[in-house]
Number of protein chains: 2
Amino acid sequence: MPSPLELELHQDGRRLTPQRQKVLDLFQTIGSGNHLSAEEVHGHLVQSKSKVSLATIYRTLRLLVRMGFLHELELNEGGHRFELLSHDHPDHHHLVCLNCGRTEEFESEEVVLVGKKAAESEGFKLIESTLNVRGICPDCM
Amino acid sequence: MPSPLELELHQDGRRLTPQRQKVLDLFQTIGSGNHLSAEEVHGHLVQSKSKVSLATIYRTLRLLVRMGFLHELELNEGGHRFELLSHDHPDHHHLVCLNCGRTEEFESEEVVLVGKKAAESEGFKLIESTLNVRGICPDCM
DNA sequence: GTGCGTGCAAAATCTTTGCATACGC
DNA sequence: GCGTATGCAAAGATTTTGCACGCAC
């Protein structure tokens with residue numbers, strides 16, 4: 001049985017390689033809600049004895065975002081981070097310290113409702129809502 | 001009459017320099033809603049015969065964000081971008097079509113409250129909250 | 001076999017930092 | 001004058017790219 005990743009790739013004349021599979025597997029293993037930088041993805045794969053070059057990680061991450069498997073976050077911690085785009089987990093939100101980059105996650109039913117209302121008012125089909133709250137953490141004040 | 005920028009700086013043992021004033025002036029001139037990268041800020045200032053080094057721009061942008069005068073956008077490509085954080089307008093949020101990129105803005109009092117609560121629960125000093133709602137717009141369905 | 005994908009290393013970006021000097025306070 | 005801020009250049013961090021080879025199809 002071909003994976004959704006394989007199907008999507010072939011539809012586009014592309015190929016399923018072990019590297020691409022491993023990157024997506026990693027995100028599925030850690031689950032949605034955890035985000036990794038390119039460097040961290042590389043570290044995880046190297047640890048599990050998989051040799052994937054950093055250049056390939058970058059190429060693969062961009063590809064998986066374009067294909068809708070991953071979601072690209074841009075928090076203020078230097079470097080972009082990626083996470084699995086999951087449809088069966090509630091959206092989660094981020095509280096980020098603008099000074100040190102410390103990040104806390106939280107959930108909010110209200111935010112989901114606001115997002116739903118906003119989408120409906122313009123006739124959009126809602127996919128996800130993410131709230132970014134920025135401030136200064138206690139240690140940095 | 002001292003500017004708000006000057007007051008804030010002095011409160012913290014910091015100094016109002018021509019460079020800091022010029023960077024903030026630039027954002028106030030173009031108005032909130034227009035965003036610039038560090039490189040672009042540098043370009044504008046050099047054009048207007050002001051010699052400010054790129055290193056100082058980076059230092060100043062981070063400072064102005066920490067002080068709450070600017071807002072760091074999480075847009076996709078390229079480096080980070082900044083825009084004036086206007087205090088007489090509430091934070092505005094974005095409804096984005098994942099397919100065509102069409103973007104609508106909206107405001108929400110509830111989101112501000114949720115952000116405030118989240119910041120308080122971790123002891124953060126709140127600077128801003130932005131909600132991103134992603135979906136598919138009517139034209140793309 | 002064809003041509004897309006990978007690895008490698010170099011290059012291109014983007015951002016930060018050390019240190020001497022300048023200047024706001 | 002004291003101590004913060006700047007400019008410069010160099011270093012650091014992050015991401016992209018050219019090219020030859022390997023492998024999915």
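In what follows, chains carry the letters A, B, and so on, assigned in the order in which the sequence lines appear, proteins first and then strands, with residues in each chain numbered from 1.
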Between Phe69(B) and Leu5(B) the two heavy atoms that sit nearest each other are CZ-CA, 3.7 Å
May I ask you to evaluate whether [X] reaches the phosphate of [N], defined as a side-chain N or O under 4.0 Å from OP1 or OP2?
X: Tyr58(B); N: dT15(C); value: yes
X: Arg62(A); N: dT16(D); value: yes
X: Thr17(A); N: dC23(D); value: no
X: Gln19(A); N: dC23(D); value: no

Going by modelled atom types, is there a donor-acceptor pair between the base of dG24(C) and the side chain of Arg14(B) at under 3.5 Å?
no
Per the atom types in the model, does the base of dG7(C) pair as donor or acceptor with the side chain of Arg59(A) at under 3.5 Å?
yes
Euclidean distance, atom [atom1] of residue [X] to atom [atom2] of [N] [Å, nearest integer]:
X: Glu6(B); N: dA5(D); atom1: CD; atom2: C1'; value: 15 Å
X: Gln21(A); N: dG5(C); atom1: CD; atom2: P; value: 15 Å
X: Leu61(A); N: dT15(D); atom1: CG; atom2: P; value: 10 Å
X: His42(B); N: dT15(C); atom1: NE2; atom2: P; value: 14 Å
X: Leu9(A); N: dC25(D); atom1: CG; atom2: P; value: 9 Å
X: Lys51(B); N: dA5(D); atom1: NZ; atom2: P; value: 23 Å
X: Lys22(A); N: dG5(C); atom1: NZ; atom2: P; value: 17 Å
X: Ile57(A); N: dT16(D); atom1: CD1; atom2: P; value: 13 Å

Between the side chain of His94(A) and the main-chain N/O of Glu104(A), is any donor-acceptor distance below 3.5 Å?
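It does not hold such a pair.
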Using a 3.5 Å distance criterion without hydrogens, assess whether the side chain of Thr29(A) forms a donor-acceptor pair with backbone atoms of Asp25(A).
yes
Would Leu24(A) and Arg20(A) count as a side chain to side chain contact (heavy atoms under 4.5 Å, CB included) here? Give the steps.
CA-CA 6 Å; Leu24(A) 185 53; Arg20(A) 289 174 177 173; over 6 Å; no
Nearest-nucleotide comparison on DNA chain D, the residue closer to the 5′ end among Arg15(B) and Thr56(B)
Arg15(B)
Ala38(B) or Pro18(B): which one's nearest nucleotide on DNA chain C is closer to the 5' end?
Ala38(B)
Residues, nucleotides or ligands: over 12 heavy atoms within 6.0 Å of Lys22(B) NZ:
yes
